[in-house]
Amino acid sequence: MTAQLIDGVALSKAIRGDIAARAAALAAAGRRPGLAVILVGDDPASAVYVRNKVKACGDCGFHSVLERYDATFDEAALLARIAALNADPAIHGILVQMPVPRHIDPHRVIEAIATAKDVDGFSVHSAGALMTGLPGLRPATPYGCMKLIESTGMALKGRHAVVIGRSNTVGKPMALLLLQAHATVTVCHSGTPDLGLHTRGADVVVVAVGRRNTLTADMVKPGAVIIDVGMNRNDEGKLCGDVDFAAVRAALGPAGFITPVPGGVGPMTITMLLANTLQAAEA
Ligand code: NAP
């Protein structure tokens with residue numbers, strides 16, 4: 001028997017149902033949650049992401065605005081738009097879709113967003129709050145991964161969790177969230193000589209690398225929980241993750257859990273962005 005699937009679509013739907021109900025209650029009290037999404041440039045993948053985020057807002061009864069600017073839009077003008085949205089009482093969350101064109105400094109852009117509206121959780125202030133255990137808005141992808149792990153029923157206290165990848169947006173905040181949940185955490189990266197040495201004893205493995213087959217069947221422990229954040233294309237051009245899915249699922253056995261790609265982490269990322277916007281509106 002193979003490992004059980006963690007269904008990110010179903011979990012997402014359940015969480016979005018709760019978000020929509022809370023948004024309706026807030027709206028009835030005159031404070032409809034509002035998200036502003038800014039896209040600079042014409043990257044086709046980014047255009048799809050922002051469209052999905054705006055659509056999800058509509059589905060949950062949120063107010064949303066999408067501001068699109070061409071690739072020559074300058075940094076000063078972008079910062080002025082962010083300042084205007086910071087002051088707009090109908091907007092509770094602001095997101096600038098990354099990457100921005102090269103002439104714009106992404107750090108200056110992220111830091112320009114008011115802390116209370118930083119629904120991506122990428123600012124130094126939000127990262128510091130996570131680091132020190134203070135309340136704040138958490139980056140959506142690792143936040144969603146925590147919900148997926150929680151859905152398996154595994155208590156993280158005392159467990160060994162391995163995170164592969166150390167980006168500021170996924171790997172590092174993921175490690176901090178697991179630490180906050182009292183797991184013993186190992187972080188691996190491109191300089192780790194033998195990933196399997198760490199993952200073979202792990203109760204939870206979160207893979208966020210962006211390379212197919214980073215985690216293979218010989219690298220996992222039966223009964224472990226595997227969260228696959230990666231988004232890649234296989235030889236047939238189909239979306240796939242960082243995990244050698246079928247073989248790892250078999251190696252985990254019936255006590256294990258694994259997220260599919262697509263249908264695992266992806267839908268949860270937008271859901272947790274909505275959760276952050278709601279949290280900002282409720283504050
Ligand atoms: P990133 O910024 O490129 O970071 C990748 C990380 O993987 C880096 O820390 C890198 O190590 C590490 N790495 C690279 N090669 C490795 C190897 N051979 N062994 C071990 N570690 C290795 O990427 P990211 O933004 O974190 O995203 C990671 C993946 O998740 C991508 O496929 C991305 O598309 C996907 N993603 C999905 C969602 C979603 O909603 N589903 C959201 C965000 C990201 P160094 O630090 O040493 O370079």
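We count ligands from 1, going down the list as the structure has it; atoms in each ligand are counted the same way.
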Ligand-side contact atoms (ligand 1) for residue partner I164, heavy atom cut-off under 4.0 Å
20 (C), 21 (N)

Using modelled atom types and a 3.5 Å cut-off, is there a donor and acceptor pairing between side-chain atoms of N86 and backbone atoms of I113?
no

Which residue and atom name correspond to the protein heavy atom nearest atom 46 (O) of ligand 1, and how close is it?
R166 NE, 2.8 Å

For atom 27 (O) of ligand 1, grab the closest protein heavy atom and report residue, atom and distance to one decimal in Å.
V170 CG2, 4.4 Å

Is the shortest side-chain N to carboxylate O distance from D235 to R212 below 4.0 Å?
yes

Starting from atom 33 (C) of ligand 1, which protein heavy atom do you reach first, and at what distance in Å?
M231 N, 4.3 Å

Taking only heavy atoms of G266 into account, list the atoms of ligand 1 that are under 4.0 Å away from them.
40 (O), 41 (N)

Check whether R32 reaches the backbone of F62 with its side chain - one donor and one acceptor, N or O, closer than 3.5 Å.
yes

Around atom 20 (C) of ligand 1, find the nearest protein heavy atom and jot down its residue, atom name and distance.
H189 O, 3.2 Å

Protein heavy-atom partner closest to atom 42 (C) of ligand 1 - residue, atom, separation in Å:
T141 OG1, 3.3 Å

Part of V229 within contact of ligand 1 (heavy atoms, under 4.0 Å)
both

Taking K147 for the side chain and M272 for the main chain, is one N or O donor matched with an acceptor at less than 3.5 Å?
no

Which residue from P267, P173, A208 reaches closest to atom 28 (C) of ligand 1 through any of its heavy atoms?
A208

Purely on distance, is any nitrogen or oxygen of L195 under 3.5 Å from one on ligand 1?
no

In this structure, atom 1 (P) of ligand 1 is nearest to the protein heavy atom S167 CB, 4.1 Å

Could you tell me whether R211 approaches ligand 1 through its side chain, its backbone, both or neither, with non-hydrogen atoms closer than 4.0 Å?
side chain

Looking only at non-hydrogen atoms, which of G241, S190, G210 approaches atom 11 (O) of ligand 1 most closely?
S190

Given V119, which of V37, L35, I94, L274 fulfils the side chain to side chain contact (heavy atoms under 4.5 Å, CB included) condition?
L35

At a 4.0 Å cut-off, with the gap strictly under it, does some heavy atom of G171 reach an atom of ligand 1?
no

The protein heavy atom nearest to atom 25 (O) of ligand 1 is T169 OG1, 3.8 Å

Note: ligand 1 atoms sitting under 4.0 Å from heavy atoms of T269 are 39 (C), 40 (O)

So, does S12 use its side chain to make a donor-acceptor pair with the main chain of V9 at under 3.5 Å?
no

T259 and side chain to side chain contact (heavy atoms under 4.5 Å, CB included): which partner among V243, I6, V206?
I6

Taking N234 for the side chain and C240 for the main chain, is one N or O donor matched with an acceptor at less than 3.5 Å?
no

What are the two closest non-hydrogen atoms of L11 and S151, and how far apart are they?
CD2-CB, 4.0 Å

Just by modelled atom types, is the L273 backbone N or O under 3.5 Å from a matching donor or acceptor in the T277 side chain?
yes

Backbone N or O of F73 within a donor-acceptor pair of the H103 side chain at under 3.5 Å?
yes

Could you check which of V209, L273, T192 puts a non-hydrogen atom nearest to atom 13 (N) of ligand 1?
V209

